[in-house]
Amino acid sequence: MLSSSGRAVRKLCSSSSCTAASVIRNRNLLLRERYISPLVSSNLAKYSKTTQHRAIPFLFNNFSLYSTTAEASTAAITSASAATANNHLEEASQPNLSDAYSAIELALDSVVKIFTVSSSPNYFLPWQNKSQRETMGSGFVITGKKILTNAHVVADHTFVLVRKHGSPTKYRAEVQAVGHECDLAILVVENEEFWKGMNFLELGDIPFLQEAVAVVGYPQGGDNISVTKGVVSRVEPTQYVHGASQLMAIQIDAAINPGNSGGPAIMGNKVAGVAFQNLSGAENIGYIIPVPVIKHFINGVEESGKYVGFCSMGLSCQPTENVQLRKHFGMCPEMTGVLVSKINPLSDAHRVLKKDDIILAFDGVPIANDGTVPFRNRERITFDHLVSMKKPNETASVRLLRGGEEHEFSITLRPLQPLVPVHQFDKLPSYYIFAGLVFVPLTQPYLHEYGEEWYNTSPRRLCERALKELPKKADQQLIILSQVLMDDINAGYERLAELQVKKVNGVEIDNLKHLCQLVRDCSSESLRFDLDDDRVIALNYQSAKVATSRILKRHRIPSAMSSDLSAEQNIPETESASSS
């Protein structure tokens, strides 16, 4: 993720920026008179303004005269080099400009700088937020008076502003839709003045290998627009850092630095992708989100009015590259496919597929033993891409081998949520406090509070459940005792923090709402919680209710439960502290 503040920037690379920043910013005759020698300037005036705009950065790039300071920019092209400069001017006037300069011309009235103020929740103290921070990113305008950018640029936002190239004015923007899995977001600006003179960019196609692209944006190291050029190196499903999802991405060798996030990668006169991350520890390995993923996101928002997600079959599959493994499951020599290892109980595949099935084809496309399918000219891609590009509730045919016989089934695909959420952006965490016991759902953001090495420093049992366990029913959550706010009523229970809560008064809990309801409906004198490792917490119910108000006041906690629980329980937030 690449925002200028370095927020969760886990993939960075270093390179120089190929830009004529100060020149492009001042596209007028005063710039020409100040920076270009009279010999060249007189010839420059013969051309159209469009040619002048193209030629100025061309000249400056060849004579290394662009700078962001007035002192460094006073150099002039000497008379001795004027003839050479005019030759370059003649070249610049021709229509066959390089992709980088074409991208500059196209992007000047399309790419915007985004200023975000955000505040993330504190998952250890879920009733309060962390300090706000300011980040910057890039975006570009698309048809429908919308701005497309990365989700991580506006994640947990409280205030968003955008600025056009060459304008000192910042305009208020609202986030219309966010897809954290695909790291995309749509912004809207209501001020009509912002849209004057803006050029809406069109989406193109997936570029082929070695095709040139130009990445345009506002990376760190300066305030002006920047263009970096590179070629396509690879097209394949890649781990999206922000959403921890596996979707198609395009690898390029253009520099993508913090602040570039959300900027377009332009090929010809159309957008080939959106810059979003790069590879840590490597030079000039950047990634852009391809057009099929972008269109899937935009079409879903337009059709339903909100982000709908990417479909999944809910399967864990094993390659069948080993000959003995294929013989064991009765596969003929000409058969290829993958072995089903796990099935998500909430998926439609759970209805028709079984463990040890061999999936031979998806929607008529044969699956190889390594799990890949054909893609373009002699390229291959994992069959998960075919699944992810399906619309929610769309059906797909699956041909499989079971017990030596082939079968074909129709499966309804839809987005599936894991038992432990991978991210919780743009929403407040849920919590419930009773007698100083703080109950929260287990989420990966909660584990991330243990630091960058959370996988090693967080409680091992919770970490393994977060990464491996599948849900058994809809709306299921793993509830843990996050901490104990010390009081006489709970003394001695502090060592039970970070254990999973299994039952309340003998009833297995489904989620935090269920736990809250069981506590509120307690009719016995004693309240019992059963935890991991057969640990037990027992409280006098009436004494615990009285202690809850006392503890909340002592710790200056405004409510005994999060706002989502208050709404579901029909309890005003101002009363929730005392009512518990």
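Side-chain contact between Gln483 and Leu125: present, with at least one pair of heavy atoms (C-beta onward) separated by less than 4.5 Å. Counting only heavy atoms from C-beta outward, the side chains of Glu408 and Glu406 never approach each other to under 4.5 Å. Contact annotation: the side chain of Gln251 never approaches that of Leu279 to less than 4.5 Å [non-hydrogen atoms, C-beta and beyond]. Here the side chains of Asp356 and Phe329 are in contact, with some heavy-atom distance below 4.5 Å. The closest side-chain heavy-atom distance from Ile537 to Arg528 is not below 4.5 Å. For the pair Val232 and Val213, the minimum side-chain heavy-atom distance is below 4.5 Å. The shortest distance between side-chain heavy atoms of Ile381 and Val373 falls below 4.5 Å. Here the side chains of Val274 and Phe140 are in contact, with some heavy-atom distance below 4.5 Å.
Residues Phe276 and Tyr240 bring their aromatic ring centres within 6.0 Å. Taking the six-membered ring for Trp and the full ring otherwise, Tyr450 and Phe124 have centroids separated by under 6.0 Å.
Under a 3.5 Å cut-off, the side chain of Arg326 and the backbone N or O of Cys332 do not form any donor-acceptor pair. Formation of a donor-acceptor pair under 3.5 Å by the Asn344 side chain with backbone atoms of Leu346 is found in this model. Remark: the backbone N or O of Glu181 is paired with a side-chain donor or acceptor of Ser245 at under 3.5 angstrom. A donor-acceptor pair is defined here as one N or O able to donate and one able to accept, closer than 3.5 Å; no such pair exists between the side chain of Asn150 and the backbone of Val153. Remark: the backbone N or O of Tyr218 is paired with a side-chain donor or acceptor of Ser138 at under 3.5 angstrom. Judged by distance alone, the side chain of Ser120 and the main-chain N or O of Asp156 form no donor-acceptor pair under 3.5 Å. Under a 3.5 Å cut-off, the side chain of Ser118 and the backbone N or O of Thr116 do not form any donor-acceptor pair. With Ser233 contributing its side chain and Ile252 its backbone, the two residues share no donor-acceptor pair below 3.5 Å. A donor-acceptor pair under 3.5 Å is formed between the side chain of Arg380 and the backbone N or O of Thr372. The main-chain N or O of Lys472 is found under 3.5 Å from a side-chain atom of Gln476 such that the two form a donor-acceptor pair.
Here CG of Leu565 is found 5.5 Å from SG of Cys516. Values are rounded to the nearest 0.5 Å. With rounding to the nearest 0.5 Å, the separation of CG in Leu353 from CZ in Phe409 is 7.5 Å. The CG atom of Leu447 lies 8.0 Å from the CG atom of Leu467; values are rounded to the nearest 0.5 Å. Expressed to the nearest 0.5 Å, how far CG of Asp183 lies from CG of Leu247 amounts to 10.0 Å. Atom CD1 of Ile433 sits about 9.5 Å away from atom OG of Ser482, to the nearest 0.5 Å. Atom-to-atom distance recorded for Ile411:CD1 and Ser397:OG is 9.0 Å, nearest 0.5 angstrom.
Judged as a side chain to side chain donor-acceptor pair (under 3.5 Å), and not counting sequence neighbours, Tyr123 has no contacts. A search for side chain to side chain donor-acceptor pair (under 3.5 Å) contacts involving Tyr493 returns nothing, not counting sequence neighbours. In this structure, the side chain to side chain contact (heavy atoms under 4.5 Å, CB included) partners of Val308, at least two apart in sequence or on a different chain, are Ser304, Pro392.
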Should His152 and Phe425 be marked as a ring pair (Phe, Tyr, Trp, His ring centres under 6.0 Å) after you check the CA-CA gap, both sets of side-chain angles, and the distance that decides it?
CA-CA 9 Å; His152 72 257; Phe425 297 110; 9.4 Å; no

After noting the C-alpha distance and the side-chain angles of Leu203 and Lys270, does the key distance pass the side chain to side chain contact (heavy atoms under 4.5 Å, CB included) rule?
CA-CA 6 Å; Leu203 299 178; Lys270 293 186 178 181; over 6 Å; no

Evaluate the side-chain hydrogen bond (donor to acceptor under 3.5 Å, both in side chains) criterion for residues Thr382 and Asp384: first the C-alpha distance (whole Å), next the side-chain angles of each, then the deciding distance (0.1 Å), finally the verdict.
CA-CA 5 Å; Thr382 59; Asp384 291 334; 4.5 Å; no

I would like to know whether Asp426 and Val178 meet side chain to side chain contact (heavy atoms under 4.5 Å, CB included); could you show each step before the answer?
CA-CA 9 Å; Asp426 305 320; Val178 180; 4.1 Å; yes

For side chain to side chain contact (heavy atoms under 4.5 Å, CB included), just list the numbers for Leu499 and Arg535, CA-CA rounded to whole Å, side-chain angles, deciding distance to a tenth of an Å, and then say yes or no.
CA-CA 9 Å; Leu499 291 179; Arg535 305 295 181 181; 3.9 Å; yes

Please walk me through it: do Arg234 and Asp253 pass salt bridge (charged side-chain N to carboxylate O under 4.0 Å, His left out)?
CA-CA 10 Å; Arg234 184 180 292 154; Asp253 65 358; over 6 Å; no

Side chain to side chain contact (heavy atoms under 4.5 Å, CB included) between Leu437 and Val484: does it pass, once the steps are laid out?
CA-CA 5 Å; Leu437 307 177; Val484 178; 4.0 Å; yes

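Looking at Lys468 and Glu464, no side-chain N of the basic residue comes within less than 4.0 Å of a carboxylate O on the acidic one, giving no salt bridge. Ion pair Glu303/Lys391 flagged as a salt bridge, since at least one NZ, NE, NH1 or NH2 atom sits closer than 4.0 Å to an Asp/Glu carboxylate oxygen. In summary, Lys473 and Asp510 engage in a salt bridge, as defined by a charged side-chain N under 4.0 Å from a carboxylate O. Comment: Lys502 does not engage Asp530 in a salt bridge, judged by the lack of any side-chain N to carboxylate O separation of less than 4.0 angstrom. Between Lys354 and Asp357 there is no salt bridge, since no side-chain N of the basic residue sits under 4.0 Å from a carboxylate O of the acidic one. Ion pairing of Lys130 with Glu449 is present here, as a side-chain N (NZ or NE/NH1/NH2) and a carboxylate O approach within less than 4.0 Å.
Other residues, nucleotides and ligands contribute at most 12 non-hydrogen atoms within 6.0 Å of the CG atom of Asp534. For His328, the NE2 atom sits in a loose shell: 12 or fewer heavy atoms of surrounding residues, nucleotides or ligands are nearer than 6.0 Å. Applying the 6.0 Å contact sphere to CG of Asn299 captures more than 12 heavy atoms from other residues, nucleotides or ligands. Annotation: Arg402, atom CZ; neighbour count of heavy atoms from other residues, nucleotides and ligands within 6.0 Å is above 12.
Between Thr238 and Glu236, the shortest heavy-atom distance links the atoms OG1-O, 3.1 Å. Between Pro366 and Gly364, the shortest heavy-atom contact is CD-O, 3.5 Å. Taking all atoms of both residues into account, the shortest heavy-atom contact from Pro441 to Leu512 is CD-CD2, 3.9 Å.
Between the side chains of Gln500 and Arg461, no donor-acceptor pair of N or O atoms lies under 3.5 Å. Remark: the Thr320 side chain and the Asn369 side chain contain an N/O donor-acceptor pair separated by less than 3.5 Å.
Using cut-offs of 30° and 60° for the angle between ring planes, the Tyr432 and Phe439 rings count as parallel.
With Lys390 as the fixed residue, the side-chain hydrogen bond (donor to acceptor under 3.5 Å, both in side chains) test singles out one of Asp363, Thr412, Thr395: Asp363.
Because its NZ or CZ atom is both nearer than 6.0 Å to the ring centre of Tyr455 and within 45° of the ring axis, Arg460 counts as a cation-pi partner of that residue.
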